[in-house]
Structures are given as C-alpha cells and as structure tokens.
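Below: one structure, written as structure tokens.
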Amino acid sequence: MIAVAALLAAAAAMTTAASSPKTAPSSQVETLDTQGYAHLINSLRGQVVVVNMWATWCGPCRDEFPELVSFDREMTDRGVTVISVSMDMASALEIEVVPFLAKQHATFRTFIKAPHGDEQFINAIDPEWTGALPATFVYDTRGRLARSIIGPTTLAKLKTTVTPLLAPAAN
Amino acid sequence: MRMFKHTRTAYAAILLAGAVLALGPTVTLASSQQPATLMGQTIPDFTLPDFDGTQHSLANATGQHGTVLIFVSTRCPVSNDYNERMVALAEEYQAKGFEFFGINANKEEDPASMKNHARSNNWNFTVLKDENNVIADRFNASVTPEAFVIDTHGILRYHGRIDDSRDDSDISSEDLRDALDAIIAGRQVAKKEAKAFGCSIKRR
C-alpha cells in the first residue's frame, strides 16, 4: 500500500511538473561559489562528472539544454553525474531559472552561482576559459578536469567525451 | 595622426598560442576562439564601418590618451545591462582624452538594428560593424560586453570586463575605469585583464 501510494504521489508530482512548469521548487537550486564548487567536485570522486555552465539569457545555452537532459537520462545509471550551474543573477532564480528547469524536465542537480567572484570562479575551473557561455567541464573519476568544452555541445559529443572516462583505469 | 603599424610580433603571438592550445590534451576550443593574449602588444590598424557605412580607422582615432573598444550586442542582456554605464564612462572619459567605439561582431545583428539600438539607448559613441567578426577574431574577443584599451602608442593596455557586476548597485571593482585613470596618470595598469560572464559573440 505504501509503495503504491508512493508511486501515485510520484506520478502526481511528475504530472504536476509537466503540466505546470512553474511549480519546480527554487529551494532545490543551491547557491555555489568557488570553494563550494571545489568541494562539490571532490565529493563526487568515483563518478564521471559533467558540469554545464549556462544562463537563461544565453541563447546557445537554452538551445543545448535538451541535449544535456537527454544525456543525463541516458547516463545517470552508468556512473555519470550531471550538474548544471546557472550564471543568472539571484533575482532571476524564481522568474527565469526555475521555470526553465521545470519546462526542460531537468532532474539533475542545479546550482546558481553566488554573486561576486566571477573571475575567480572562471579561473579556478579552467584558466583558459574566458567566461563565454555555454561551457561544459568533464571530470574523471578522480575529480580531475579531463575536458573543457567551450561553446555549445551535443548529446553525441558528450557521450563521445565521457565514454573513455568510464573505462576501467589502466593503472 | 597616430599610425599603428602592423607587427609580425602580434601575429606570431596569436599563431603560437593557438598552436599550443590546439595541442593541449584537456582543452577543446571552438575553432574561432584563440585564447592568446595581446596584452602589451602593438595592435595593428584596422578600419570598420559604422551603421551608416562611414569608415573609421583605429589609426585616425583622436583620443589624446588612447582608444576604448567595447564589443557590444543589441540583444545580449548582459551587454544591455551596461548601456547606461557605457554612456556614463564614454561621457566622462571622452572628455578626458579617450575615444570610445562600440564594435558589434554578432552575425545576427545588422547595421539597421545597431542604429536603432544605439539611438534608443542614447549611446554617445560610434558603433562599428565587424562583419564576419574579423576584428573580434584578431582581438580574441569572446563575449559581450568586453573592453579593450589601446594607448596612444598603439599598445593594448587593458582587456576585459567593464566592472565586476551586472547589477550596477553591487559593483566592487571598476576595472575599465581604473585602467583609464592609470593611463591618464601615466601609471601601469594594475589589473590588465579581468574576466566576466557574458554572451558569446555569435560568429560566422
């Protein structure tokens, strides 16, 4: 009974999310700064981590987002963790970010970058990154940056990038 | 009239840095992006048309202390958040000896839309159209807004953000202003490059 009730509740929640995109809880979008980012990546050692940097004001970011959602659905059970970090201002969280995520049916963890420290954040992730969006960073199972994809990406490109990192370590 | 001579050094730096990064094992870059720095290098002269077709040359810029180039967009919300700040900076620093130019290198933004945008935002500086993003590629400009300050010797003295916050009530570092003040005072620019998030320049 409990299991059935849970399933029904989940189905109801999914229906609500699908029919009413603005119901996604903004409390699930956490604020992230440079230090928090480092801790996050460290905490996910053992998995391949794909971090997408985006913003609702970035057209190419919006265009590629469905590819990221598809990638997450295909790879979530294969040792890959997808994360997105929005560069929107905090004032856009409720009116732009959360509705967008709901509309995209994104289920991966999403953060919003903390105010201030943009340059430190950019350089800490990849000194070669200019801050242009979108950008996607792929970390191996040891938490090391394995690939920086500056510019739009695709489902196929993400799978090609991640697949070698999922193979057993040679050493 | 100042003349900025084409230098082999500048091009060599671009090619070398591009080659090094192309060979790097962990970085994949869009083909149009070359994260070489031109800081401290002589910028070759270039000529671009404004939205009415009048040609403007860097060599003919008249600022007694230098020239400010800002890559801008009519559509980018980040660039548009800086409209008033760019006007204020241009008003203040054109009077102090810098000539300001906006450069629009976005493929989807034509001269007519640039003209409407400049007028509706009361821009007090000339906006140039960089068709096929030739100059954006030369400067390795990647986002809007993104500023470049060139002194009267044709040397790039500052590159990067205007300041550190889209929200004009929350600025803690006015990097472009600081660079201009340093050049006027004859000092070294303390922070020569500063990054920020912005809209990618939409290249051909």
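The sequence lines fix the lettering, A, B, ..., with proteins before strands; numbering per chain opens at 1.
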Notebook entry, point to check: How long is the gap from OG on B:S200 to CD1 on A:I150, to the nearest 0.5 Å?
Noted result: 9.5 Å
Item checked: Engaged part of A:F137 at the chain B interface, taking heavy atoms whose separation is under 4.5 Å -> neither
Margin query: Can you tell me which portion of B:A196 sits under 4.5 Å from chain A's heavy atoms? Options are side chain, backbone, both or neither.
Written below: backbone
Next item on the list: Side-chain contact test, heavy atoms from C-beta onward, threshold under 4.5 Å: evaluate it for B:F197 versus A:K113 and give yes or no.
Entry: yes
Notebook entry, point to check: For the residue pair A:W57 and B:P77, what are the closest heavy atoms and their distance?
Noted result: CB-CG, 3.4 Å
Notebook entry, point to check: Counting only heavy atoms not in B:E92, do more than 12 fall under 6.0 Å of its CD?
Noted result: yes
Check: When heavy-atom pairs shorter than 4.5 Å are enumerated against chain A, which of B:C199, B:S165, B:C76, B:G160 gives the highest number?
Finding: B:C199
Check: Between B:K195 (side chain) and A:P127 (backbone), is there a donor-acceptor pair under 3.5 Å?
Finding: yes
Checklist line | Proximity breakdown for B:D175 and chain A, heavy-atom pairs closer than 4.5 Å | finding: neither
Notebook entry, point to check: Does atom CD of A:Q35 have more than 12 heavy-atom neighbours, drawn from other residues, nucleotides or ligands, at distances under 6.0 Å?
Noted result: no
Item checked: Student check: side-chain heavy atoms of B:D170 and A:M89 closer than 4.5 Å -> no
Notebook entry, point to check: Roughly how far, to the nearest 0.5 Å, is the NE2 atom of B:H159 from the OG1 atom of A:T130?
Noted result: 8.0 Å
Item checked: Partner chain A: residue of B:R161, B:R75, B:R166 with the largest heavy-atom pair count (under 4.5 Å) -> B:R166
